[in-house]
Every structure is written in C-alpha cells, then in structure tokens.
Amino acid sequence: MEKKQVWKPGNMLYPVPVVMVSCGSKGGEKNIITIAWAGTICSDPAMVSISVRPERYSYDMIRDTGEFAINLTTKELAFATDWCGVKSGRDVDKFEAMGLTAAPGKVLKYAPIIGESPVNLECRVEQVLELGSHHMFIARIEDVMISEKYMNETGKFELNRTGLVTYSHGEYFVLGEKLGKFGYSVKK
C-alpha cells in the first residue's frame, strides 16, 4: 500500500462536472452561476441536486421561483464558465458580458437556458436542504433540450463529441481518452 497522509475532512471528491446554472427572478432579472457541486440523484423520476451558498446572488432567485436550468459546459464555453463563477450578477449582466443567449426553455417560466450549451436541463425545485455553508436544491428534471449539431446520421446524440468540461481540485479539464463503455470489464 502507498504511504498515506491524514487530512481534516474536506471535499476531495474529484473530478466533478462544472455547469452553468441559469436562473431568473419574478421581476425579470436573469443570472448565471457556475456550479461544481451538481449531481444526479435519481433516474426515475429524473432528479438532480445543486448546492449554492445562501449569500450568492442566484440563491434568492432559485429559492423564490423554485426553478433553474443546468447548462452543460464545453471547451468553447470554458472561459465564460470560469468568468461567470468569479463575477457576481449583482454587478454585471453575465449573459451580455459573455455574449451568451438567454433563451426561453420549454417549461420554465423564469429561468432561461443558455442557448450555446449543448445540453440544457430544465429543473423544478422539490426540496431545499439547509446543510451549512451550502443549501442543496433537490430538483426534478422537467425537460432536456439538446443541440441538433451533435446528432449523428442515425439519430444518436453524440454527447461525448461536445468537448465536455470537468473540474478537479481548482482546475478545468476537457474530457479525454475513452477507456471503455459500461460493462466492458465483464464482456466476453
């Protein structure tokens, strides 16, 4: 066994997806918050979670409207993803500053989708868990929108061709080499 150091408890579960969460207020404001604490929590019904600090500008929008959209990020969106994570919507219109399209989704009333993202998940909050530094929004996925740009000739969505971005220990990475597909370890 390799020699190990013991550290205090901390979040070292990496890599994680890095997504841009778009939201809107009942008064018409729109914002983007970059989230690295997002995850799948159920497949039937399709549900996700995001964790947000209550002091963030987007927090009250999501809490008040009960909706948000998760927008997957790509290599082309990496700069905007980082920028939207370090700038506050209190000070700047992130859609305008980054040249992103706040497009209407199919089911949400207040939260736009980001038009340039290859995958948009429209989510409705079902529960909020106040856990400490972050509150976890547990949400049902109401609708998924995908870019036709990544559909192949047989109608399959080629998600792994989009240049998906991940976050690991303070750094961004584009997903790389394919190692196998689900079940390859037992396939004969």
Side-chain angles (χ1 to χ4, degrees), residues 11 15-40 46-126 128 133-147 149-150 159 162-168 170-175:
N11 295 313
V16 293
V18 60
V19 297
M20 289 190 284
V21 171
S22 50
C23 56
S25 74
K26 291 179 179 174
E29 295 118 333
K30 294 180 180 12
N31 195 44
I32 301 167
I33 182 172
T34 299
I35 300 278
W37 292 0
T40 299
M47 296 181 75
V48 292
S49 69
I50 61 170
S51 293
V52 182
R53 289 182 182 270
E55 59 269 18
R56 298 292 187 233
Y57 182 64
S58 295
Y59 177 88
D60 288 331
M61 290 183 198
I62 296 169
R63 187 93 192 218
D64 187 42
T65 64
E67 60 181 52
F68 59 88
I70 293 177
N71 305 276
L72 297 190
T73 58
T74 62
K75 184 176 181 180
E76 290 77 25
L77 292 170
F79 182 88
T81 301
D82 183 66
W83 194 90
C84 288
V86 295
K87 297 290 185 177
S88 174
R90 287 182 184 96
D91 304 322
V92 64
D93 179 333
K94 296 180 186 182
F95 282 99
E96 183 179 321
M98 289 291 100
L100 298 173
T101 307
K106 294 294 179 194
V107 297
L108 300 182
K109 182 174 182 179
Y110 304 106
I113 63 164
I114 297 174
E116 292 75 14
S117 172
V119 178
N120 317 96
L121 309 174
E122 293 187 273
C123 304
R124 194 164 319 279
V125 176
E126 292 208 346
V128 181
S133 65
H134 289 70
H135 293 182
M136 179 185 285
F137 292 92
I138 296 174
R140 182 182 297 254
I141 300 170
E142 299 285 340
D143 183 79
V144 177
M145 299 176 76
I146 61 171
S147 172
K149 173 180 174 181
Y150 298 102
L159 177 62
T162 65
L164 292 171
V165 172
T166 187
Y167 180 82
S168 183
E171 299 176 314
Y172 302 100
F173 295 89
V174 176
L175 292 183

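Source: prediction; values computed, not measured. Computation of the quantities below employed the complete heavy-atom set of this structure, encompassing side-chain atoms and omitting hydrogens, waters and symmetry-equivalent molecules.
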For the atom pair [atom1] ([X]) and [atom2] ([Y]), what is the distance rounded to the nearest 0.5 Å?
{"X": "K26", "Y": "Y110", "atom1": "NZ", "atom2": "OH", "value": "5.0 Å"}
{"X": "E126", "Y": "S49", "atom1": "CD", "atom2": "OG", "value": "12.5 Å"}
{"X": "I113", "Y": "L108", "atom1": "CD1", "atom2": "CG", "value": "9.5 Å"}
{"X": "T34", "Y": "Y167", "atom1": "OG1", "atom2": "OH", "value": "10.5 Å"}
{"X": "T81", "Y": "E76", "atom1": "OG1", "atom2": "CD", "value": "10.5 Å"}

To check you understand the geometry: which heavy-atom pair defines the closest contact between [X] and [Y], and what is its length?
{"X": "C84", "Y": "M20", "answer": "SG-SD, 4.4 Å"}
{"X": "K30", "Y": "F95", "answer": "CB-CE1, 4.0 Å"}
{"X": "C23", "Y": "A111", "answer": "CA-CB, 3.8 Å"}

Would you call the rings of W37 and H134 parallel, tilted or perpendicular, taking 30° and 60° as the class edges?
tilted
Measuring centre to centre across the rings, with the benzene-like ring taken for any Trp, is F137 within less than 6.0 Å of Y59?
yes
The single option from I70, L72, L100, T74 passing side-chain contact (heavy atoms from CB on, under 4.5 Å) against S117
L72
Check the side chains of D64 and S25 for a donor-acceptor pair under 3.5 angstrom, ignoring hydrogens and angles.
no
More than 12 heavy atoms of other groups within 6.0 Å of E96 CD
no
